[in-house]
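Remember, predicted model here, so these are calculated numbers, not experimental data. All values below were derived from every heavy atom in this structure, side-chain atoms included, with hydrogens, water molecules and symmetry-related copies excluded.
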Amino acid sequence: MEEIYTFAGNPLDRISQRRQDAAWIASLLDDPETRLLPFRELKPVVRDPSATTLDWQPVAPWRAAIDSGKTLVLLGIGEGRAYFALDANGVPAANGVEEATADVRGLATAIPGPEAAILAEARSALDWHARHGFCAQCGTASAISSGGWGRRCPNCRAHHYPRVDPVVIMLAVRGERCLLGRNRRRVGTRYSCLAGFMETGETIEEAVRREVLEESGICVGRVRYLASQPWPFPSTLMMGLLAEAVSEEIRIDPEELAEARWFERDEVRAMVERSRTDDPIPGLATLPPPLAIGHQLARRWAFGVDTI
Ligand SMILES: [Zn+2]
C-alpha cells in the first residue's frame, strides 16, 4: 500500500491544461466562491490565535493587490471551488485588522494533511517567483504567465517554469543492519538516512551510489524506490530509496558527516519510538521526526515493511 507523508496527498485538481486560458482564470477570480490564501514572507495568514487554521479568504478584498501585479498562483480546483495563493508582501491586510502569519514547517503537522500539501504547493511556487523575476537567458524583467505556473520574457520570449530540485534520500542496508549518519552541522545524537541532490546526467540509482560512496565510503549494489515527498524549503522532491550495501568498512566524508555507523534493526526500532516524542531522552540516538521521509524509510525497514 502506498504511504502518504507530510506535504504529499494534495487533493486539488491542478487543471494544468487550462492554465493558459486567461479568460477562464479571470472568471474564477470573479466567482464569490473562490478562495485565496495570502502569504507574507512566505508564511500564510492564519485565522485563530493558536495558528492552526489557514485563513482562506474571498478574492474581492484583494482585487487591488492582484491588479497591481502581486504574484498570484492558481493552486487548483477542489469540490467545485478554485483556490489561489497570493504573495501579499507590502499589501495592507484586507480587513484592516492585524493579521497573524505562521511558519509552514510549524503548520505542517498542525493542520490536516491535505491542507499541508496545498501549503507546500503554494509556498514553493511563491518562493520561486520571488527569486526569479528576471529572465535567465537575457536578464530582462519577466512577467508571470499560465495562472502562476510560468514566467515569460517580453524581450527574448523565453518561457521559464518553477523548478523542482530532486534529492535522493536512502537507507543503505546490509543484512540485519542499516547505515545512518550524523550531520556535521547538527549537534546532538540525531542520525538519519544519507541524502544528496541529484546532478545532471545522472539516474536515480547512480545518484544513490555516488552519494553513499562519497559520504560513507560504502559501495551500493541494488537500489529500490519506496516513496517520495515534496519538501517546500524551498522546492525539493525527496525521493526515498532502499539501497543494498555491498561493502562494510565506513570512511566518512568529514565535510558532510560527523559520524556514520551501522545500526541493528532493534536499535532502529527504539530510535523510531523515541523520535515520535518532542522531548527525547538526552544522549540516546534518535531519528528525524515522523514529518521527515528519512524517519519513515528507517521505520519501514526496521519494522519489516520493506526489504531490499
Ligand atoms: Zn529573455
Side-chain angles (χ1 to χ4, degrees), residues 7-47 51-97 99-104 107-108 111-133 142-152 159-164 230 232 234-235:
F7 298 128
N10 193 323
L12 297 182
D13 178 354
R14 295 178 182 233
I15 22 126
S16 52
Q17 70 280 12
R18 295 198 72 180
R19 285 174 188 159
Q20 312 292 338
D21 187 344
W24 177 66
I25 290 175
S27 75
L28 295 177
L29 290 171
D30 285 337
D31 187 335
E33 287 296 306
T34 294
R35 288 294 175 269
L36 172 156
L37 185 62
F39 282 69
R40 298 186 186 278
E41 308 290 340
L42 298 175
K43 294 176 182 172
V45 173
V46 289
R47 193 173 297 162
T52 54
T53 307
L54 301 180
D55 196 4
W56 292 100
Q57 300 181 19
V59 173
W62 298 95
R63 179 61 76 169
I66 294 168
D67 291 344
S68 77
K70 287 287 171 187
T71 297
L72 180 73
V73 176
L74 172 58
L75 299 171
I77 307 280
E79 294 172 351
R81 175 182 267 184
Y83 291 87
F84 287 85
L86 178 74
D87 186 342
N89 275 339
V91 182
N95 49 16
V97 298
E99 289 169 346
T101 59
D103 182 71
V104 169
L107 281 168
I111 62 178
E115 245 187 345
I118 297 170
L119 206 49
E121 176 192 6
R123 188 192 190 281
S124 287
L126 293 179
D127 177 76
W128 181 79
H129 284 289
R131 292 183 298 114
H132 293 80
S142 59
I144 194 161
S145 65
S146 309
W149 290 96
R151 301 190 71 87
R152 193 162 176 278
H159 292 270
H160 303 283
Y161 301 98
R163 60 180 286 171
V164 175
S235 190

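Between His160 and His132, every side-chain heavy-atom pair lies at or beyond the 4.5 Å cut-off. Side chains of Val59 and Asp31 form no contact here, defined as non-hydrogen atoms less than 4.5 Å apart. Residues Asp87 and Val73 form no side-chain contact, since every pair of their non-hydrogen atoms from C-beta on lies 4.5 Å or further apart.
Judged purely by atom type and a 3.5 angstrom limit, Lys43 has no side-chain atom pairing as donor or acceptor with the backbone of Val104. Judged by distance alone, with hydrogens and angles left aside, the side-chain atoms of Ser124 form a donor-acceptor pair with the main-chain N or O of Pro234 at under 3.5 Å. Between the Ser142 side chain and the Gly133 main chain, a donor and an acceptor come within less than 3.5 Å of each other. With Ser235 contributing its side chain and Arg163 its backbone, the two residues share a donor-acceptor pair below 3.5 Å. Not a single donor-acceptor pair under 3.5 Å links the side chain of Arg151 to the backbone N or O of Gly148. Put simply, the side chain of Trp149 gets close to the backbone of Leu74: a donor and an acceptor are under 3.5 Å apart.
Rounding to the nearest 0.5 Å gives a distance of 11.5 Å between CG of Asp127 and CD of Glu41. Note that CG of Leu86 is 8.0 Å distant from CG of Leu126, once rounded to the nearest 0.5 Å. Distance check: Leu54 CG to Glu115 CD gives 4.0 Å after rounding to the nearest 0.5 Å. From Glu99, atom CD reaches atom CZ of Arg47 across 12.5 Å, with rounding to the nearest 0.5 Å. Between the CD1 atom in Ile25 and the CD atom in Gln20 there is a gap of 8.0 Å [rounded to 0.5 Å]. Atoms CZ and OG1, from Phe39 and Thr101 in turn, are 10.5 Å apart once rounded to the nearest 0.5 Å.
Summarising the local packing, CD of Gln17 is surrounded by more than 12 heavy atoms from other residues, nucleotides or ligands at distances under 6.0 Å.
Ion pairing between a basic and an acidic side chain is recognised when a charged N comes within 4.0 Å of a carboxylate O; Asp30 and Arg63 show such pairing.
Aromatic ring centroids of Tyr83 and Trp56 lie under 6.0 Å apart.
Across all non-hydrogen atoms, the minimal contact from Pro114 to Pro11 is O-CD, 3.5 Å. For the residue pair Ala120 and Phe7, the shortest heavy atom distance occurs at CB-CD2, 3.6 Å. For the residue pair Ala88 and Trp62, the shortest heavy atom distance occurs at CB-CZ3, 3.8 Å. Contact between Leu119 and Leu107 at its shortest, heavy atoms only, is CD2-CD1, 3.8 Å. Annotation for Lys70 and Val91: closest pair CE-CG2, 3.6 Å, computed over non-hydrogen atoms. Closest non-hydrogen pair, Ala85 versus Ala122, comes out as CB-CB, 3.7 Å.
Remark: Arg18 qualifies as a cation-pi partner of Trp24 under the 6.0 Å distance and 45° angle criteria applied to the six-membered ring.
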Item to check | side chain to side chain contact (heavy atoms under 4.5 Å, CB included) between Thr34 and Phe84, intermediate numbers included | outcome: CA-CA 8 Å; Thr34 294; Phe84 287 85; 3.6 Å; yes
Next on the checklist: For His129 and Ile144: C-alpha separation, side-chain torsions, deciding distance, then whether side chain to side chain contact (heavy atoms under 4.5 Å, CB included) applies.
Outcome noted: CA-CA 8 Å; His129 284 289; Ile144 194 161; 3.5 Å; yes
Checklist entry - Given Ile66 and Leu36, is the side chain to side chain contact (heavy atoms under 4.5 Å, CB included) satisfied, shown in steps? => result CA-CA 11 Å; Ile66 294 168; Leu36 172 156; 3.9 Å; yes
Next on the checklist: Run the side chain to side chain contact (heavy atoms under 4.5 Å, CB included) test on Leu12 and Glu121 for me, step by step, so that the C-alpha distance in whole Å, both residues' side-chain angles and the decisive distance to 0.1 Å come before the verdict.
Outcome noted: CA-CA 10 Å; Leu12 297 182; Glu121 176 192 6; 4.3 Å; yes
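Partners of Arg152 according to the salt bridge (Lys or Arg N to Asp or Glu O under 4.0 Å) rule, which considers only residues two or more places apart in sequence or in another chain, do not exist here.
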